[in-house]
Amino acid sequence: MPELPEAERARRVIEERALRRTIAAVDDSDTYVCRPHAPGQIAAALVGRRLESAHRRGKTLWAEVGGPVLGLHLGMAGRVVVDEGPAPHGWDRFALEFDDGGRLALRDKRRLGRAVLEPDLARLGPDAAEASRPDFRARVGRGAGPIKARLLDQSAIAGVGNLLADESLWRAGIDPRRPAGELSEPELDGLRRAVRAATRDAIRKGGVHTGALIVERLPAGRCPRCGAALATGKVGGRTTWWCPREQG
DNA sequence: AGCATTGTTTCACA
DNA sequence: TTGTGAAACAATGC
């Protein structure tokens, strides 16, 4: 369920366990996940190089290797594993093998993750957990679309996915259907605070599915604060849960 | 069987 | 120009 918190945990795994190791071989044979690269193309760019640093903005990860930049995206179901044996069913869609015998893999049942050279970061807004207050107001608090759709727009701010959006709006007490441009500055500041807190909590607890609202949703969820029956519907094209009493 | 799903991209359309 | 909704992508789970 990768959103910003899962991506950050993946970044830390790379940082803590894979840096300064030399790439001896690369499996880039899955041309769907490694799109648009031909088999062997990523390998040719990386073999012999050393992982130097691991970075993240929103849900996009990248690693410096002293040459071309290696970009990784977890997609809908991906995660990064280090020094684990190959997954069954070919779920390791991309892998680095180190000269010390270890390996780093993008493990992804659904194949919607990506491994690319020179990832395009230009289309991403500032990281959702780091956007300044003025930045957040200007980028998120505009437009006629629902505020939830705005939060999910990675070019506005990067990193918020479907579950983190619901959790943040619930914490801030804001109806996900309200037009983004109609939120007041105090509401936007409160939403920014909620996004940061929800993100921080999710990183610490292990992922977005640990959110207070998220764990209560199914089967007939009630608001963790007031006990009202949660409302559900489609907002911004995505299944959405909110408290009809507190999120006005 | 049919529906859902954590993400992204593209498209037709208003 | 903005925004929306749906479809596509792949694979799994209920």
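Just the heavy atoms: all of them, side chains too, but no hydrogens, waters or symmetry mates, feed the values below. Because the structure is a prediction, the values reported are computed rather than measured.
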Next item on the list: With a 3.5 angstrom cut-off on both distances, give the Watson-Crick or G-U wobble partner of dA10(C), or none if there isn't one.
Entry: none
Notebook entry, point to check: L74(A) has an atom CG; how far is it from atom P of dT8(B), in whole Å?
Noted result: 10 Å
Check: If the P atom of dC3(B) is compared with that of dA6(C), how far apart are they to the nearest Å?
Finding: 14 Å
Check: Does Q154(A) use its side chain to pair, donor to acceptor, with the backbone of G159(A) at less than 3.5 Å?
Finding: yes
Checklist line | Side-chain donor/acceptor of S168(A) to backbone N/O of A165(A), under 3.5 Å | finding: no
Item checked: Side-chain (R49(A)) to main-chain (G66(A)) donor-acceptor, under 3.5 angstrom -> yes
Item checked: Summary of protein contacts for nucleotides 2-12 of chain C, nucleotide by nucleotide, where a base hit scores B, a sugar-phosphate-only hit scores S (4.0 Å, heavy atoms) -> -SS----BBBB
Notebook entry, point to check: Checking salt bridge (charged side-chain N to carboxylate O under 4.0 Å, His left out) against R103(A), which of D92(A), D27(A), D83(A) comes through?
Noted result: D92(A)
Check: Taking CZ from R79(A) and C1' from dG7(B), how many angstroms apart are they, rounded to a whole number?
Finding: 18 Å
Item checked: Side-chain N,O (T239(A)) to OP1/OP2 (dT5(B)) below 4.0 Å -> yes
Check: Under 3.5 Å, is there a donor-acceptor pair between the side chain of D99(A) and the main chain of A24(A)?
Finding: no
Notebook entry, point to check: Taking atom C1' of dT8(B) as reference, at what distance in whole Å does atom CG of L152(A) sit?
Noted result: 12 Å
Checklist line | Donor-acceptor contact present, side-chain E187(A) to main-chain S184(A), <3.5 Å | finding: yes
Next item on the list: Tell me whether the OP1 or OP2 atom of dG7(B) has a side-chain N or O from H73(A) closer than 4.0 Å.
Entry: no
Next item on the list: Let me know the distance between NE2 of H209(A) and P of dG13(C), rounded to the nearest Å.
Entry: 16 Å
